[in-house]
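Everything below concerns the one structure shown next.
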Amino acid sequence: MPIGKSKISDMDFGSFENTIDKNIETDKASDKFDQQLQAYKDASNTLTSAKSELKIAATSLQEAKDNLVKATDKADTVTKAIDSFIAKVRDIKFKAKVDDSDIAKLTDGRKKLIGDESKLLEDHRKENKDILTRHFYDMSNMMSRNEGVWLSNCWVKTLLWIFLPCFLYTVISLVYFVASYIDK
């Protein structure tokens with residue numbers, strides 16, 4: 001008995017394998033498409049909610065603008081009222097009548113104030129004079145007892161020109177030696 005061809009050999013496994021691969025790719029593409037579609041739906045929902053929030057914000061801004069316009073109008077009204085009130089106040093004139101007795105009291109008060117101030121200034125001048133007189137006598141007594149050091153301007157200038165360079169040389173030398181000691 002001859003061996004016959006099997007039915008399995010007639011089948012094309014390559015095309016069957018290609019079909020399976022295409023089905024797998026199609027499933028992957030379908031999953032990707034579903035994910036993208038879901039992402040687009042989520043984005044659409046987010047945009048819709050953002051759009052509604054923007055409408056609410058726009059409405060709120062419009063209300064705020066309207067309130068601001070009303071407040072500005074009220075402020076303008078108040079400003080005009082204040083300006084008119086100030087104009088009325090500026091137009092008010094005061095008239096006063098002063099009696100001769102009031103003028104006499106004022107003059108007496110001014111004279112008394114001037115007298116008090118003059119007395120105060122005179123007392124102050126006397127105190128200063130007493131202080132200066134005491135100082136003069138104290139200095140005279142010191143000089144008569146040969147107390148204190150009294151130098152003329154010439155001596156002060158001479159000593160200044162002698163001692164100033166010595167002092168500067170000493171300070172500079174000390175700074176130099178301290179600096180050289182610190183560097184070691």
Side-chain angles (χ1 to χ4, degrees), residues 14-132 134-135 160 164 167-168 170-184:
S15 67
F16 184 66
E17 187 179 354
N18 286 340
T19 303
I20 291 173
D21 288 341
K22 285 182 184 178
N23 284 340
I24 291 172
E25 286 178 21
T26 303
D27 286 344
K28 287 181 182 178
S30 175
D31 289 343
K32 223 179 209 185
F33 179 76
D34 289 342
Q35 288 174 353
Q36 286 181 346
L37 183 62
Q38 185 60 40
Y40 287 141
K41 285 180 182 178
D42 292 343
S44 174
N45 291 338
T46 305
L47 282 174
T48 304
S49 66
K51 183 179 176 185
S52 66
E53 289 176 9
L54 280 175
K55 284 182 182 178
I56 293 170
T59 305
S60 176
L61 282 174
Q62 185 62 37
E63 289 176 6
K65 178 186 170 196
D66 294 342
N67 290 337
L68 187 60
V69 168
K70 288 177 186 176
T72 304
D73 292 341
K74 288 180 182 179
D76 288 342
T77 305
V78 169
T79 304
K80 288 177 184 175
I82 290 173
D83 286 343
S84 67
F85 181 73
I86 289 173
K88 288 178 183 176
V89 168
R90 285 184 181 157
D91 291 340
I92 295 175
K93 293 183 180 179
F94 290 100
K95 292 182 182 179
K97 198 173 197 182
V98 181
D99 290 337
D100 291 337
S101 63
D102 293 332
I103 292 176
K105 288 179 185 177
L106 182 64
T107 305
D108 291 340
R110 185 178 56 89
K111 286 179 182 177
K112 182 181 177 193
L113 178 67
I114 290 173
D116 291 345
E117 289 295 320
S118 296
K119 184 179 181 299
L120 183 66
L121 288 173
E122 184 64 29
D123 292 343
H124 182 68
R125 188 187 64 77
K126 285 179 182 177
E127 286 177 22
N128 279 343
K129 185 177 179 182
D130 291 342
I131 290 170
L132 287 173
R134 273 186 275 139
H135 178 69
L160 183 66
L164 184 62
F167 176 74
L168 288 175
T170 304
V171 169
I172 291 170
S173 298
L174 285 173
V175 169
Y176 175 74
F177 286 123
V178 169
S180 65
Y181 180 74
I182 291 174
D183 289 339
K184 289 181 181 180

From [atom1] ([X]) to [atom2] ([Y]), nearest 0.5 Å:
X	Y	atom1	atom2	result
Ser44	Leu37	OG	CG	10.5 Å
Asp123	Asn128	CG	CG	11.5 Å
Thr59	Lys55	OG1	NZ	9.0 Å
Ile172	Phe167	CD1	CZ	10.0 Å
Ser60	Leu54	OG	CG	12.0 Å
Asp73	Leu68	CG	CG	9.5 Å

Are Asp116 and Lys112 ion-paired here, with the side-chain N under 4.0 Å from a carboxylate O?
no

Short N-O contact, Arg125 and Glu122, less than 4.0 angstrom:
yes

Taking only distance into account, with no hydrogens and no angle test, what donor-acceptor pairs under 3.5 Å do side-chain atoms of residues 80-102 form with protein atoms, sequence neighbours excluded?
unit_1, atom_1, unit_2, atom_2, d
Ser84, OG, Lys80, O, 3.4
Ser84, OG, Ala81, O, 2.7

For salt bridge (Lys or Arg N to Asp or Glu O under 4.0 Å), just list the numbers for Asp130 and Lys126, CA-CA rounded to whole Å, side-chain angles, deciding distance to a tenth of an Å, and then say yes or no.
CA-CA 6 Å; Asp130 291 342; Lys126 285 179 182 177; over 6 Å; no

Strictly by modelled atom types, are Asn67 and Glu63 linked by a side-chain donor-acceptor pair under 3.5 Å?
no

For the residue pair Gln38 / Asp34, report whether a side-chain donor-acceptor contact shorter than 3.5 Å exists.
no

Could you tell me whether a side-chain N or O of Ser30 sits under 3.5 Å from a main-chain N or O of Thr26, the two making a donor and an acceptor?
no

Exactly one of Ile114, Leu106, Asp108 should register a side-chain contact (heavy atoms from CB on, under 4.5 Å) with Arg110. Which one does?
Ile114

